[in-house]
Amino acid sequence: MIVCIAVVGHQNNPLYIQSFTEADDALKLHHIVHCSLDVVDERVNNPKKSGPLLNETFLGLLYPTENYKVYGYLTNTKVKFILVTTDLDVKDADVRNFFRRFHAAYVDAVSNPFHVPGKKITSRTFAERVSTIVKAFGLSSAG
């Protein structure tokens with residue numbers, strides 16, 4: 001189950017963070033997202049050590065914690081997507097598919113002429129699409 005999804009700008013400013021758990025866990029999840037940015041920067045700045053090719057946008061598993069797995073995705077404009085899940089046996093193909101769909105929703109949201117680039121995403125339509133994608137991920141990874 002996805003417990004948190006975040007969009008972080010190229011200057012590491014949060015553009016969108018949504019937790020899908022109780023309010024008590026929200027701060028802990030925000031901390032996990034913030035810590036994962038260091039791993040993303042390390043992989044982007046040291047491509048020889050990390051493995052994936054430079055043109056690969058899916059960063060894979062950033063790091064596992066005791067209860068969560070954290071995955072990353074980097075767009076061509078250096079915007080980072082961070083996914084925190086409680087599923088410890090999730091497949092990379094499912095995560096890639098999730099990020100592909102999430103990226104399409106993000107592109108639609110920032111293509112809105114009323115959206116100011118670099119500012120937080122406040123679109124209700126985007127939030128609803130994210131909820132739908134998260135629910136679909138839960139169904140596909142459970143089956």
Check against side-chain contact (heavy atoms from CB on, under 4.5 Å), H30 and I17: CA-CA 8 Å; H30 288 210; I17 297 180; 3.2 Å; yes
Spacing of H31 atom NE2 and S36 atom OG [to the nearest 0.5 Å]: 10.0 Å
T21 backbone acceptor or donor facing S19 side chain under 3.5 Å: no
Pairing residues for P117 by the side chain to side chain contact (heavy atoms under 4.5 Å, CB included) criterion, not counting sequence neighbours: none
Ring pair (Phe, Tyr, Trp, His ring centres under 6.0 Å) contacts touching residues 69-93 (sequence neighbours left out): Y73-F81, Y73-F99, Y73-H103, F81-F102, F81-H103, F81-Y106
Shortest non-hydrogen separation from I133 to A105 and the atoms involved: CD1-CB, 4.1 Å
Value rounded to 0.5 Å, distance of CD1 in I32 from CG in L37: 12.5 Å
Minimal non-hydrogen separation, T85 against D87, with atom names: OG1-N, 3.1 Å
Pair T57-N76, side-chain contact (heavy atoms from CB on, under 4.5 Å): steps then yes or no: CA-CA 8 Å; T57 56; N76 292 336; 4.1 Å; yes
V40/L59 under side-chain contact (heavy atoms from CB on, under 4.5 Å): CA gap, chis, key distance, verdict: CA-CA 8 Å; V40 171; L59 299 173; 3.8 Å; yes
Gap between atom CZ of R101 and atom CZ of F137 - 0.5 Å precision: 11.0 Å
Approximate separation, where rounding is to 0.5 Å, of L62 CG and I82 CD1: 5.5 Å
Least distance between heavy atoms, G118 atom then N13 atom: O-ND2, 3.4 Å
pair F20-V3: side-chain heavy atoms closer than 4.5 Å: no
Any donor-acceptor N/O pair, T86 side chain to M1 backbone, under 3.5 Å: yes
Minimum heavy-atom distance between F126 and A109, given as atom pair plus value: CD1-CB, 3.6 Å
Point-to-point distance, once rounded to the nearest 0.5 Å, from CD of Q18 to OH of Y16: 4.5 Å
N45 side chain to D41 backbone, donor-acceptor under 3.5 Å: yes
From CA spacing to verdict: side-chain hydrogen bond (donor to acceptor under 3.5 Å, both in side chains), N12, K80: CA-CA 8 Å; N12 288 342; K80 302 157 199 81; 3.1 Å; yes
Trace of the side-chain contact (heavy atoms from CB on, under 4.5 Å) decision for V130 with I5: CA-CA 9 Å; V130 168; I5 185 75; 3.9 Å; yes
Residue pair V70 / L83, side-chain heavy-atom distance below 4.5 Å: no
Over all atoms of both residues, closest heavy-atom pair of H115 and K119: CE1-O, 3.4 Å
Residues, nucleotides or ligands: over 12 heavy atoms within 6.0 Å of L88 CG: yes
Verdict with reasoning, T77 to T75, per side-chain hydrogen bond (donor to acceptor under 3.5 Å, both in side chains): CA-CA 5 Å; T77 56; T75 68; 3.1 Å; yes
Exam field: side chain N112 to backbone F114, donor-acceptor pair closer than 3.5 Å: yes
Side chains of V44 and L74 in contact at under 4.5 Å (non-hydrogen atoms): yes
Between OG1 on residue T125 and CD1 on residue I121, distance to nearest 0.5 Å: 12.0 Å
